[in-house]
Peer 1: 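Okay, handing you the structure first.
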There are 2 protein chains.
Amino acid sequence: MKTGNRVARKHVGIRDVAAAAGVSVTTVSHVLNDTPHTRTSDDTRNRVKAAAEELGYQPNRLARGLRIQASGMVGLITEEIATTPHAGKIILGAQEEATRQNLMLAIINSSLNPAVEIDPAGVRAFLDRQADGVIYATVYHDEVNPPEEMLGIPAVLIGARDARGEIPSFMPDERAGAASIVDMLVAAGHRRIAFAASSVDVPATRGRLLGYRDGMLAAGLDPDQFVAAAEGEAKGGYEAAARLLDVAVGADERPTALFCYNDRMAMGAYRAIAERGLTIPADMSVVGFDDQDPIAASLFPPLTTVALPHYEMGARAVAELMGIIESRPEHGLLPGHPTLLACPIVHRDSVAAPSPDKHPRASTH
Amino acid sequence: MKTGNRVARKHVGIRDVAAAAGVSVTTVSHVLNDTPHTRTSDDTRNRVKAAAEELGYQPNRLARGLRIQASGMVGLITEEIATTPHAGKIILGAQEEATRQNLMLAIINSSLNPAVEIDPAGVRAFLDRQADGVIYATVYHDEVNPPEEMLGIPAVLIGARDARGEIPSFMPDERAGAASIVDMLVAAGHRRIAFAASSVDVPATRGRLLGYRDGMLAAGLDPDQFVAAAEGEAKGGYEAAARLLDVAVGADERPTALFCYNDRMAMGAYRAIAERGLTIPADMSVVGFDDQDPIAASLFPPLTTVALPHYEMGARAVAELMGIIESRPEHGLLPGHPTLLACPIVHRDSVAAPSPDKHPRASTH
DNA sequence: CTGAAAGCGCTTACAG
DNA sequence: CTGAAAGCGCTTACAG
C-alpha cells in the first residue's frame, strides 16, 4: 500500500499512456498529435486514445515547448493601458483570439510612458520567458520607436505605427469615424454642426478634427464656423459648449448639433446645455467619441457616440502575430502600413432632427 | 564565413557559457543561480559571470521549468471582469506583484457567469500549461463553489469566498467602507443623511446598506428614515434622489447629505438635485461608492466616494498564491476566512458642512 | 571547489 | 504501421 499509493496521484505522462495502451511513446505522440505523414492502424489509435482518456493524460506543454522550441505563449505589453478605462477590451480581444489560436496570453504593464520610445524591459521579460511573439499596445500615439529587441522577433503594435516601418500595427480609424458621425448628423437634417475640439495635441485630436472637417466639407458646410477647443475632459466640454452656444443667442443661428471630441466632454456639454434651458435632443443633438463606459450609457439621455475598436485591435493583433509566427502574414499585410480599423457609431438617444418649426424665423431669413 | 555566421545568431545556451568560461555547465548553473550549499572560487565565479554577460546569456525558462517542475507562471481567470470598468486594476495589481515575485502572469477571461459555480475550463487551461497556481476573480459574489480542479492546486479567490472554506480569498470590506463614509459625513456636521440604496440583491447591496446603518446607529441617528432603493444605475439614482428630496419639501426636514450606493447612482442624483435648484455641496452633500473612473472625477463637482481595493486585491492574491506555492501561507491566513480589504474614502469636492444659516428656521424648531 | 551524468516529458528523424 | 533513441536546455544529486 505504501509503495502503491505513493505514486497514485503522480502526474501521468506519455509513458504511462504508452504502457497502458501497450505501444511506444512514439506511437502515442503520433496519434495524439495527428502527426502528418504518419499512418497508424485504427486499432492502435483507438487503444491509445482510450488509454489517454482513461488516465486523464494532459501533455506537458513545457516539455513540448522545450522540444519544439515554441512556448505557445505570446506576450501583451500594455502601456499604462491596464488602468485606462475600457482598454480592458484590448486585453479581452487578445485573450480570446489567443485561446482560439491555442495560445496562452501573458501580460505585462509598462509603467514607463515613453511617448515615442518603447520600454524594452517588458519585451525582454517576455523573451526570457520564451514568448513566441510580442504585442505592444500604447495609448494612442502616432509613431513609436520600438526597441531593438522587438525587431528580430514576431511583433505587432496596437495604437501606434512603427517609425521604422518594420512592425505591423493596428490603429483606430478616428478620422473616418468622426466623418461618419457628422454624415449621420447631416443625414438627420442638421446643417449647423458644432465641434467641441480637444486642445491637447495628440493624434486623436488631429484625426477627429480632420474627420469633422471631412464630413462638413462633404456636405458643403463651413468647417470653421462652429469650432471651439478646450481640455478634453468634462470641464473642457462644459466650457467649449458654453462658448459655442453663446456666440449666437438666437435659436436660428445657434448650432443644432454638437459633436464632442470625446464622451467626457459630452458629459460637460450636457450640463452647459441644460443650464441654458435647452433639451437634448429636442433642442440640441449631441454626439461624442469613445463610447466610454459608463458615461455614454449613463447620461440623460444616453449618448450617441462612436466606439473605438478595442476588442478588434486586440484580436487582430494576435491573429496577425500568429500569422507572423507561422510566417504567413495575414492578408499580406504590409509592415509599416498600419491597418486602420473602423470606429462604428453606437446609436443611442441624443440625436434627433433639428426642429425648425419651433423657430419659424429661421425659414424667413 | 558561411559556417561561422550560420550559428552566430543562434541562441546561446548554458553550454556556450561553460565553454567560454572554461568550466562545466554544472558550475555555470551554480554560480548563476547562487545554488545554496555550494562553494565556488571567486575567480571561477567572475569568469562565469563575465562569460554570461559577454554572450548575453539568458537561461531558457522552459527548460528550467521542465527540470524543476515549476513553470514560473500563474494564471488569473477573470470572470467577465476584463470588460468591467476599472477591474483592469485587479489585473494591474496582480501583474505587478507577479513581476515582483519573478512570476509571469497569464490571463483568461471566463465567458461563463456562473454566479455560484466556477467555470472549470479556465482552470484546466492553466493546468495544461503547467501554471504553478491559479487566481479566480469574480464580480463580487458572496460564496462560490470552486470546481474540483482548483482544490488540489495552489489557488486563491478574489471577490468571493469559497463555500467549502478551503481556498483563501480577498474581498473588499464594503460594510466598513460604507460605515466610514457616513462617519465622515457625521463628523462634517450632518444629521439627516439619506441613503440611495440598490434594489438588486447582490452582496454589495447588503454590505453597503449594513455599513450605512452601522454609521447611522453609531451616531445615534435613525437608520430607516431616509432610505430609498432603486436600480443601481444613473437612472435609479435620479429616481431615488427625487424621492428622498421630495418627501419633505422644507429645507429643515430635507436630508443635508446623500450617500449613493454607487457612483453611477450619484451621477443621476446630481441631476435630480440640480433640477430642484439645489447646489452641491452647499445645499446638499453627496457621496458615492466605487470611485468609478471616469465618473467620480468628471462630475461637477468632483465626487467624494469610497474606492474599491482592486489593485490591492490583485496584488495580495498573487502574494498569497506565491506563499501557498512555496507552502508558507502568508501571515498564517486561514482558508475559508476571507481577508477583507479596506475601502478607502477618496475625498473630492462634493461634501461640505450643512448650512443651517441659510435656513434659520431649523434652529428655532 | 568542480564536473560527469542522469533526467524533467516531450517530439522527431530514422530504421525496420 | 511501429519503435528505439537522440535531444530540446536546463538542474541536481553524487562523486571526486
Side-chain angles (χ1 to χ4, degrees), chain A residues 7 10-49 51-52 55-73 102 104 127-132, chain B residues 7 10-49 51-52 55-73 102 104 127-132:
Chain A
V7 281
K10 199 75 180 77
H11 183 261
V12 8
I14 194 173
R15 218 147 34 200
D16 303 300
V17 179
V23 298
S24 70
V25 296
T26 303
T27 299
V28 174
S29 178
H30 284 156
V31 352
L32 260 24
N33 292 316
D34 274 319
T35 313
H37 314 304
T38 287
R39 303 282 90 182
T40 311
S41 72
D42 282 351
D43 176 51
T44 306
R45 300 184 72 78
N46 292 147
R47 282 212 320 282
V48 169
K49 286 184 170 169
L55 299 176
Y57 170 64
Q58 292 294 357
N60 182 323
R61 303 291 308 240
L62 247 39
R64 172 164 219 270
L66 177 60
R67 180 54 232 250
I68 70 176
Q69 300 286 60
S71 63
M73 180 219 95
N102 197 24
M104 185 98 263
L127 291 185
D128 290 1
R129 299 278 181 165
Q130 264 62 47
D132 294 337
Chain B
V7 281
K10 199 73 181 74
H11 184 261
V12 7
I14 195 173
R15 219 148 33 198
D16 303 299
V17 179
V23 298
S24 69
V25 298
T26 303
T27 300
V28 175
S29 178
H30 283 155
V31 353
L32 260 24
N33 292 317
D34 274 319
T35 313
H37 314 305
T38 289
R39 302 286 87 184
T40 312
S41 72
D42 282 351
D43 177 50
T44 306
R45 299 184 72 79
N46 292 146
R47 282 213 319 283
V48 169
K49 285 184 171 169
L55 299 177
Y57 170 64
Q58 294 292 1
N60 182 323
R61 303 291 309 244
L62 247 40
R64 172 164 218 272
L66 177 60
R67 180 53 233 245
I68 71 176
Q69 300 286 60
S71 63
M73 180 219 97
N102 196 26
M104 185 98 264
L127 290 185
D128 290 0
R129 299 278 181 167
Q130 262 64 45
D132 294 338

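First the proteins, then the strands, lettered A, B, ... as listed; each starts at 1.
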Peer 1: Taking the side chain as every heavy atom from C-beta outward, state whether B:Arg47 and B:Val23 have any pair of such atoms under 4.5 Å apart.
Peer 2: yes
Peer 1: Counting just side-chain N and O atoms, does A:Thr27 come under 4.0 Å of either OP1 or OP2 of D:dG3?
Peer 2: yes
Peer 1: Rounded to the nearest 0.5 Å, what separates atom OH in B:Tyr57 from atom NZ in B:Lys49?
Peer 2: 14.5 Å
Peer 1: Could you state the CZ-C1' distance from A:Arg61 to C:dC8, rounded to the nearest angstrom?
Peer 2: 17 Å
Peer 1: Find the distance between CG (A:Asn60) and CZ (A:Arg67) and round it off to the nearest 0.5 Å.
Peer 2: 14.5 Å
Peer 1: What distance do B:Asp34 atom CG and B:Thr40 atom OG1 have between them, rounded to the nearest 0.5 Å?
Peer 2: 8.5 Å
Peer 1: Does B:Gln69 have a side-chain nitrogen or oxygen under 4.0 Å from the phosphate oxygens OP1 or OP2 of C:dG9?
Peer 2: yes
Peer 1: If you round to the nearest 0.5 Å, how far is CE of A:Met73 from CG of B:Leu62?
Peer 2: 9.5 Å
Peer 1: Across all strands shown, which nucleotide pairs with D:dA4 by Watson-Crick or G-U wobble geometry, both distances under 3.5 Å?
Peer 2: none
Peer 1: Summarise how protein sits on nucleotides 11-16 of chain C as a single string, 5' to 3': B when a protein heavy atom is under 4.0 Å from the base, S for sugar-phosphate-only contact, - for no contact.
Peer 2: BBB---
Peer 1: Starting at atom CG of A:Asn60, determine the distance to atom C1' of C:dG7, rounded to an integer number of angstrom.
Peer 2: 13 Å
Peer 1: Check the distance between C:dC8's P and A:Asp16's CG and give it to me in whole angstrom.
Peer 2: 11 Å
Peer 1: Regarding B:Ser24 and B:Thr27, is there a side-chain donor-to-acceptor distance under 3.5 Å anywhere?
Peer 2: yes
Peer 1: When you compare the side chain of B:Val48 with that of B:Arg45, does any pair of heavy atoms fall below 4.5 Å?
Peer 2: no
Peer 1: Of the residues in residues 41-49 of chain A, which ones touch DNA chain D at a heavy-atom distance under 4.0 Å?
Peer 2: A:Ser41, A:Thr44
Peer 1: Return the value, rounded to whole Å, for the distance between atom CD of A:Gln130 and atom P of D:dG9.
Peer 2: 9 Å
Peer 1: Looking at CG of A:Asp132 and CD of A:Gln69, how far apart are the two atoms once the value is rounded to the nearest 0.5 Å?
Peer 2: 10.5 Å
Peer 1: Once rounded to the nearest 0.5 Å, what's the spacing between atom CG of A:Leu66 and atom CZ of B:Arg64?
Peer 2: 14.0 Å
Peer 1: Separation of A:Arg15 atom CZ from D:dA4 atom C1', in whole Å?
Peer 2: 14 Å
